[in-house]
Amino acid sequence: MSLFQLEIQLVAAVVAVACALPGTFLVLRQMAMMSDAISHAILPGIVVGFFLTGNLSSPILILGGAATGLLTVVLVEWMRKTELVREDAAIGLVFSALFAAGVILIARYAGDVHLDTDAVLLGELAFAPFDRLQIAGYDLGPQSLYSTGLVGLLCAAFIILFYKELKLATFDSALCATLGFLPGLLHYALMGLVSMTAVAAFDAVGSILVVALMVGPPISAYLLTNRLDRMILYSILLAVTAAVSGYWVAHLFDASIAGCMVAIVGVQFGILLCIAPNQGLLAAWRRRKRQRWQFAIKMLVIHLLQHEGTPEAERECRVDHLQDHLAWEKPFAENVVSRASTKRLLNPVGESLELTPAGRELAREAIVHR
Amino acid sequence: MANAIEVRDLTVAYRESPVLWDIDLDVPSGALMAIVGPNGAGKTTLIQAILSLIKPAAGQIRIFGQPYRSVASSVGYVPQRGSVDWDFPTSVLDVVLMGLYGRLGWVRRPGRDQRTEAMAALDQVGMAELAHRQISQLSGGQQQRVFLARALVQDARIYLMDEPLQGVDATTERTIIELLRTLQSLGKTVMVVHHDLQTVSSYFDEVLLLNVRRIASGPVSEVFTEANLRLTYGGRVAIIKGAT
């Protein structure tokens, strides 16, 4: 592995983590689409910043982008408050208008520089190592590593410092306000961070893929845990894994690095959606299946209890009879009977079925507590 | 008896339509008061106005003679259960700890002392053994008790509760009513948005009848009358058992 390759992976991992940190709170605040809006709306800010500095990695760009990102949030909020447009429509309107302004600015004034529309949409991680930070002749590594690293550290510091406040504002903003914290301020601070992260990540992965990195790892992590601190930790781990493995997949297929990273994010989610221990589809399916058997067993023991000791017991409490009266297919009925007898709820005596004390107990309980 | 809450000429409007019209209200210190009125009467709005969560169009609210900001820590709030996302990744104990955040202030995290306090409050509402459960696994009644425990740890002098008895099981209802009485015996002032007219007289000693305007307020025995209920609900009250 060459130094360049290592540097690209490092930048990719830092970008992914910087996105996943504020992304966790966006997901929990049900504002995932806001990341889409912000990541596009920062474009005019970046373009103007680029005109001012002539440098795509300048911190001025981060501030410019953050300003237009916050402008988006304010505009959306304002349009929603007029009650003439709904929030989703307001988001769609505001960010596409700002993005369009950015695209026009690029096409009109920046046609011959690195800032082209392809790079805007997808970014180019492979170029990251070419733009280096040099101080007094010393090479300190890729410049984007510093810009994204700085923003990532800012996000981490903000979340560590105000973890409790962010949690409260996200869970119950009314209580947050009555306790004297400022949920509005926290909201805008978080949106400011999202904007800054989007700008920093933009150069590396472009405006479309930023969204996937902000939303993907957190929703995957959400499938794995019921605790906020774990959710943040798992988001970080998933983000780093996606970054590094995305790089190597891209290397293998000679494809876009950012594209492969996001594809991995998607695969991670797909896999976890299926196999997550408690909330995955597989776990849900198993749970439903288990409940179905439990329910069938209950039906059987109740049926047996009702007819126990009655004259028709001989006829009712037979395996072949279940097919008619409980409308069960023969294999299903036999399966239920064998499951119930393994659990020692009944004894098959020849063709007829006899409840054990435990079976009687279960049937009585099932009747009382529906 | 001094008043815990005094509301004067309070008007709250969304755009130009009034939700609360010129409300005057005195809540005596130590009162256990029900807020009763039809849907859209402005019950929740009144509570939120007292908590400064919404800005009134006109009027003044004093709590122990002072504006809300300077006594914020002595007011506990129990919002409607449905106002939060119960799938939020956190535990019962964690939610109760949130009630202590105000006392902790910015940045400081809850520690062992706070956890002990939160556990005691959970014990008081009969939820101690569920302290580490994920909140999405709670029943409606359990969710409500968690919210109450969270208000208890605030150790407030005034409690404002928005429909704590809405859709809860009988056990929870008993627990909550006992708790309200305990709070009252400790000298706290409690205002509860309440829907069930049948139980007003047995659960509360003061009542506010509200329908955009204040219809009546005072001791249940004096103001919870059929005439006042008719004024509050229009002609829509059929059964008014327990009304004197």
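All values derive from a computational prediction rather than experimental measurement.
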Engaged part of Phe181(A) at the chain B interface, taking heavy atoms whose separation is under 4.5 Å =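 Both backbone and side chain.
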
Engaged part of Leu182(A) at the chain B interface, taking heavy atoms whose separation is under 4.5 Å | both

Could Asp94(B) and Lys167(A) be called an ion pair, given the rule that one side-chain N must be under 4.0 Å from one carboxylate O?
->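 Salt bridge between Asp94(B) and Lys167(A), a charged N being under 4.0 Å from a carboxylate O: yes.
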
So, are Arg112(B) and Glu117(B) salt-bridged, with charged N and O less than 4.0 Å apart?
->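 No, Arg112(B) and Glu117(B) are not salt-bridged.
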
Can the positive tip of Arg150(B) be found less than 6.0 Å from the middle of the six-membered ring of Phe147(B), inside 45° of the ring normal?
->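 Yes, Arg150(B) lies over the aromatic ring of Phe147(B).
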
Stacked cation flag Lys164(A) on Tyr101(B), 6.0 angstrom / 45 deg |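 The answer is yes, since Lys164(A) meets both limits relative to Tyr101(B).
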
Among [options], which has the most heavy-atom pairs under 4.5 Å with chain B?
options                                    : answer
Asp229(A), Asp172(A), Thr170(A)            : Asp172(A)
Leu228(A), Leu168(A), Leu28(A), Thr178(A)  : Thr178(A)
Arg227(A), Arg230(A), Met231(A), Glu165(A) : Glu165(A)

What part of [X] lies closer than 4.5 angstrom to a heavy atom of chain A: side chain, backbone, both or neither?
X        : answer
Gln48(B) : neither
Val75(B) : neither
Leu97(B) : neither
Arg69(B) : side chain
Tyr14(B) : neither

Out of Pro79(B), Gly99(B), Pro89(B), Ser136(B), which one racks up the most heavy-atom pairs below 4.5 Å with chain A?
->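 Between Pro79(B), Gly99(B), Pro89(B), Ser136(B), the count favours Pro89(B).
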
Residues in salt bridge (Lys or Arg N to Asp or Glu O under 4.0 Å) contact with [X], at least two apart in sequence or another chain:
X         : answer
Asp26(B)  : Arg8(B)
Arg80(A)  : Glu77(A)
Glu129(B) : none

Looking only at side chains, do [X] and [Y] share a donor and an acceptor under 3.5 Å apart?
X         : Y         : answer
Glu163(B) : His195(B) : yes
Gln80(B)  : Thr44(B)  : yes
Asp113(B) : Thr116(B) : no

Expected contact set for residues 187-195 of chain A against chain B at heavy-atom separation under 4.5 Å reads none

Does the separation of the ring centres of Tyr163(A) and Trp106(B) fall below 6.0 angstrom?
-> no

